[in-house]
Amino acid sequence: MSEPLTFTLDGQAIPFTPGQTVMQAATAAGVYIPHLCHHVDFDPIGSCKVCSVRVKGRLMTSCTLPANAGMVVESETPELQADRKRLIQMLFVEGNHHCPFCERSGNCHLQALGYHLGMQDTHFVHEYPHHAVDASHSDVWLDRSRCVLCELCVRASREVDGKNVFAIGGRGLKTELLVNSPSGLLKDSDIAATDRAMSICPVGALMPKRQGFIIPIGQRPYDQADIAQHPEDT
Ligand code: SF4
């Protein structure tokens, strides 16, 4: 029998099958690489850069990087962890992420990554952006100022729900999530609270109404354990 194909991740041999990415192989081996816009159920887009690793001195997004035999990958270096923390801090100040009174606290990937990476403060000056809140729908609502533009809802609505409710539009700091309906409002779209697009949002941007505090703060997944212990969620 031939030896399994492997690459090295922070000194650990990681087996992989041809076609797997570094992220997929690492996750299958139980090794966590911090990430935000990636989800195991969807093809990667490599936009958030949080999962960047170093190979032969070059930074590459591990969610899009095909695994190769003999490849030497660095992930948990102080430099890369510091870069990830800066990215998370930038996302915090580019949006309105006020964890103590957010319904997603304890179940938010952005907050959980902040804890995982040892973020003590936001470092940068807060921008407090003004983005429209869409509370027009009877069952769901959207707070664009909490959106991290991961496009997971866009992919989920298109690929799983078959509805194409969302898109990303605009440029620079004006980039935001758009709702594909005649009025641009959720109430005139096909969205439903049970859609995969709703449950996949990693932060408190897309939320079902009347369910925000059914699970008390302190009893939520990332209140109980570090995000690295929850590979099934991400
Ligand atoms: Fe991602 Fe949520 Fe924003 Fe959609 S609403 S792009 S899932 S953060």
Side-chain angles (χ1 to χ4, degrees), residues 23 34-51 61 63-64 84 87-99 102-114 116 127-137 139-181 184-209 211-212 220-222 227 230 232-234:
M23 172 72 78
H35 57 273
L36 188 58
C37 74
H38 171 72
H39 192 284
V40 289
D41 292 346
F42 295 92
D43 289 337
I45 59 171
S47 71
C48 75
K49 312 299 182 202
V50 173
C51 76
T61 50
C63 68
T64 56
R84 290 172 179 142
L87 285 172
I88 297 303
Q89 287 170 318
M90 282 191 260
L91 286 170
F92 262 91
V93 302
E94 285 177 1
N96 294 325
H97 302 284
H98 308 299
C99 301
C102 177
E103 298 87 336
R104 280 298 292 264
S105 181
N107 195 18
C108 168
H109 293 184
L110 185 69
Q111 180 194 44
L113 279 165
H116 178 79
E127 291 171 3
Y128 299 115
H130 292 283
H131 290 293
V133 171
D134 185 344
S136 64
H137 194 281
D139 297 324
V140 303
W141 62 284
L142 165 65
D143 182 347
R144 290 181 173 87
S145 72
R146 294 176 181 170
C147 175
V148 293
L149 302 172
C150 68
E151 296 190 40
L152 281 167
C153 62
V154 178
R155 290 177 272 170
S157 182
R158 183 177 59 229
E159 297 169 23
V160 179
D161 305 325
K163 296 182 178 179
N164 215 18
V165 170
F166 299 107
I168 304 290
R171 286 171 182 267
L173 289 175
K174 296 213 159 97
T175 305
E176 64 178 19
L177 190 68
L178 305 178
V179 174
N180 182 20
S181 72
L185 295 172
L186 285 171
K187 72 180 173 66
D188 298 318
S189 75
D190 295 338
I191 194 79
T194 51
D195 283 358
R196 187 70 177 111
M198 291 300 304
S199 62
I200 202 163
C201 182
V203 294
L206 270 174
M207 295 281 294
K209 289 184 174 176
Q211 296 179 32
R220 299 167 178 202
Y222 309 131
I227 191 169
H230 290 274
E232 73 283 0
D233 293 345
T234 60

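First listed ligand is number 1; within each ligand, the first listed atom is number 1.
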Q: Specify the protein heavy atom at minimum distance from atom 1 (Fe) of ligand 1: its residue, its atom name, and the distance to 0.1 Å.
A: Cys150 SG, 2.3 Å
Q. Is Cys147 close enough to atom 4 (Fe) of ligand 1 to have an N, O or S atom under 2.8 Å?
A. no
Q. Taking only heavy atoms of Cys153, which atoms of ligand 1 are found under 4.0 Å from at least one of them?
A. 4 (Fe), 5 (S), 6 (S), 7 (S)
Q: Side-chain contact test, heavy atoms from C-beta onward, threshold under 4.5 Å: evaluate it for Lys163 versus Asp195 and give yes or no.
A: yes
Q) Hey, is there an N, O or S on Cys37 sitting under 2.8 Å from atom 1 (Fe) of ligand 1? A) no
Q) Do Thr61 and Lys49 come within less than 4.5 Å of each other through their side chains, counting heavy atoms only? A) yes
Q: Using a strict 4.0 Å threshold on nitrogen-to-oxygen distance, state whether Arg155 and Asp41 make a salt bridge.
A: no
Q) Applying a 4.0 Å heavy-atom criterion (strictly less than), which segment of Val203 is in contact with ligand 1: side chain, backbone, both, or neither? A) side chain
Q: Tell me whether Cys201 has at least one N, O or S atom under 2.8 Å from atom 2 (Fe) of ligand 1.
A: yes
Q. If we only count heavy atoms from C-beta on, is the Leu110 to His97 side-chain gap below 4.5 Å?
A. yes
Q: May I ask whether Leu177 has any heavy atom positioned less than 4.0 angstrom from an atom of ligand 1?
A: yes
Q.
Go through it in stages, so that I can follow the logic: the residues are Lys187 and Asp134, the test is salt bridge (charged side-chain N to carboxylate O under 4.0 Å, His left out), and I'd like the CA-CA distance, side-chain angles, deciding distance and then a yes or no.
A. CA-CA 9 Å; Lys187 72 180 173 66; Asp134 185 344; over 6 Å; no
Q) Do Leu142 and Val133 come within less than 4.5 Å of each other through their side chains, counting heavy atoms only? A) no
Q) In the protein, which heavy atom is nearest to atom 6 (S) of ligand 1, and how far is it? A) Glu151 N, 3.4 Å
Q | Tyr222 ring center near His116 ring center (under 6.0 Å) | A | no
Q: Identify the protein heavy atom lying closest to atom 8 (S) of ligand 1, giving its residue, its atom name and the separation to 0.1 Å.
A: Val148 N, 3.4 Å
